[in-house]
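What follows is one structure encoded as structure tokens, with my remarks underneath.
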2 protein chains.
Amino acid sequence: MANLNSNGCVDCRKRSDMFKNLNPGELEHVDMCRVKMHYNVGEMIFKQGSPCYDFVCVTSGLVKLYVENGSDRRLIIGFAKPVDYIFVPGAYVDKRHHFSAMACEETTACLVEAEIIQGLIKTKPDFSYQSISKISAQAINLFEQLTNLTQKQMPGRMADMLINLSTKVYESNPFFTHLSRQDFADLSGMTKESAIRVLKIFKDDGLIKIEGDLIHILDMPRLEGISRNG
Amino acid sequence: MANLNSNGCVDCRKRSDMFKNLNPGELEHVDMCRVKMHYNVGEMIFKQGSPCYDFVCVTSGLVKLYVENGSDRRLIIGFAKPVDYIFVPGAYVDKRHHFSAMACEETTACLVEAEIIQGLIKTKPDFSYQSISKISAQAINLFEQLTNLTQKQMPGRMADMLINLSTKVYESNPFFTHLSRQDFADLSGMTKESAIRVLKIFKDDGLIKIEGDLIHILDMPRLEGISRNG
DNA sequence: CTGCTTTGTTGATATAAATCAACACCGGCA
DNA sequence: TGCCGGTGTTGATTTATATCAACAAAGCAG
């Protein structure tokens, strides 16, 4: 991994699109305030409610982003994968994290001081326009999640979740995943038991096939139908 | 109303904070591409799925923002009131609206060509930083709505909704509202019948008092407790 | 290897919430 | 005036989903 960015941000082959219009001087500035981190599976990158000092750019692995209630329930609102820069809205509001980030696979990430990024937004119009575009796309995703989770029942929510995993997160079918049944439940707003039951129905109906960590979507059109019709 | 901005944006007393750091020349540019509109109760300002050409700044009245499924259910994701500039994330992604906006009271609004606003974002770092701050606050609201709607049951959702109406939307207690029971239901993710039942329980328990369009919150601490504990 | 913890699975039961149905109330309108 | 469509209200019933309980399977530590 080290050789991929041995010369820092300037030559980093895993650089996020976000930084493509910065000049070498600006990149070096980012580079100087950058810390490279490694996280094991299950390790927390930041926790909801904690102060935010750094912005996180995922360079390898997979990170789940989730909100938690006071109670024991969680809701996964998205994933960050290489090369995603995790947008932290709290940085612009109250300097607190409003969701938690945890590594679901072995993950490496670069941390950059929030001040640096915010400085770029204030001075580089191009950079800030790109930021707004990214945030906008995330907001649209949140709208979709809201309708999905509140206006569909379990099979619809699960179908939608599986389609998203295959097309957006892992971008393959079949796909390998280390997500637990609890994660599946936290993604589709139900209990672990219910998630297992719905998956079983899908398996029995020939919609999907599960072989350990490998999930095949066998009948995408029908799964899309279930997602649409709730 | 007309006298409030007879000289256009430059002297408009209802001007959004967003525009406070623009110089007169820039304001005049905005002014030239501005259309003043009036909407009656129930009239749609824009509809989910339609192309977006203009940005909307509400100068009087109240606007509800909601997402709709293919089915007949809606979910109100927020309100815009004077002087709110409605952020349209689709403008930065696919030039489509991803939620609908409808007047819940007699409403006036200024429409400004999206290009003009996007031009400002590209040229005025200050303006774009403010935009990002606003969008961030909205995103945080969406997170709260997500946990609220998916991890609480009906009394908790309704309590949260009432507190929000009183503290954020109408900013008074008691507050007058022209929202229907269906709107209450669409705000708290339940059916109209369920909304009525929960409100009745709250009334019987002495938490609130409803006199026509006037709603009193009588026991805020207890309502907050219900909101927290689901 | 053995015990132990975590994760996955299944069935029985309880309960939250939607649906269905009926009707009261009100405002506009013929 | 009386009809009529929308809104509000209530009760009975059904259904979706959580909860509870028991156990199997898999990883891990001693």
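By convention in this document, chain letters (A, B, ...) are assigned in the order of the sequence lines, proteins followed by strands, and residues within each chain are numbered from 1. The shown structure was predicted, so the numbers you read here are calculated from the model rather than taken from an experiment.
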**Fill in**
Heavy-atom closest pair (V63(A) atom, T107(A) atom, distance to 0.1 Å) is CG2-CG2, 3.8 Å
**Asked** Rounded to the Å, how far apart are D213(B) CG and dC25(C) P?
**Response** 18 Å
**F46(B) and F99(B) aromatic ring geometry - parallel, tilted or perpendicular at 30°/60° bounds** = tilted
**Request:** Within residues 146-161 of chain B, find the residues that approach DNA chain D with a heavy atom at under 4.0 Å, and present them sorted by residue number.
**Result:** none
**Asked** Within this structure, what is the CG-to-C1' distance between D183(A) and dT7(C), rounded to whole angstrom?
**Response** 12 Å
**Asked** Which nucleotide span of DNA chain D, 5' end to 3' end, has atoms closer than 4.0 Å to non-hydrogen atoms of chain A?
**Response** dA16(D) to dC20(D)
**Complete:** Looking only at heavy atoms, the pair that brings L162(B) and L223(B) closest together is CB-CD2, 4.2 Å
**Request:** Apply side chain to side chain donor-acceptor pair (under 3.5 Å) to S194(B) and T191(B), showing your working.
**Result:** CA-CA 5 Å; S194(B) 293; T191(B) 60; 3.2 Å; yes
**Item:** Nearest heavy atoms of S133(A) and V93(B), plus distance in Å
**Value:** O-CG2, 4.1 Å
**Item:** Partners meeting salt bridge (Lys or Arg N to Asp or Glu O under 4.0 Å) with D160(A) (sequence neighbours left out)
**Value:** K152(A)
**Message:** Angle between the two end axes of the helix from dC1(C)-dG30(D) to dA30(C)-dT1(D), five base pairs per end, rounded to 10 degrees?
**Reply:** 20°
**Message:** Can you pull out every salt bridge (charged side-chain N to carboxylate O under 4.0 Å, His left out) where at least one residue sits in residues 64-85 of chain B? Sequence neighbours excluded, please.
**Reply:** K47(B)-E68(B), K64(B)-D183(B), K81(B)-E171(B)
**Considering all heavy atoms, the nearest P82(A)-G61(A) contact** = CD-O, 3.2 Å
**Test item: E144(A) side-chain N/O and H98(B) main-chain N/O as donor-acceptor pair under 3.5 Å** = no
**Prompt:** Going by atom types only, do Q145(B) and N141(B) share a side-chain donor-acceptor pair under 3.5 Å?
**Reply:** no
**Request:** Look at the aromatic rings of F55(B) and Y85(B) and report parallel, tilted or perpendicular, splitting at 30° and 60°.
**Result:** perpendicular
**Heavy-atom closest contact (S131(A) atom, M18(A) atom, distance)** = OG-CE, 3.5 Å
**Asked** Do any N or O atoms from the side chain of K203(B) and from the backbone of L199(B) form a donor-acceptor pair under 3.5 angstrom?
**Response** no
**Asked** Quick one, which residues of residues 190-205 of chain B touch DNA chain C with a heavy atom under 4.0 Å?
**Response** M190(B), T191(B), E193(B), S194(B), R197(B)
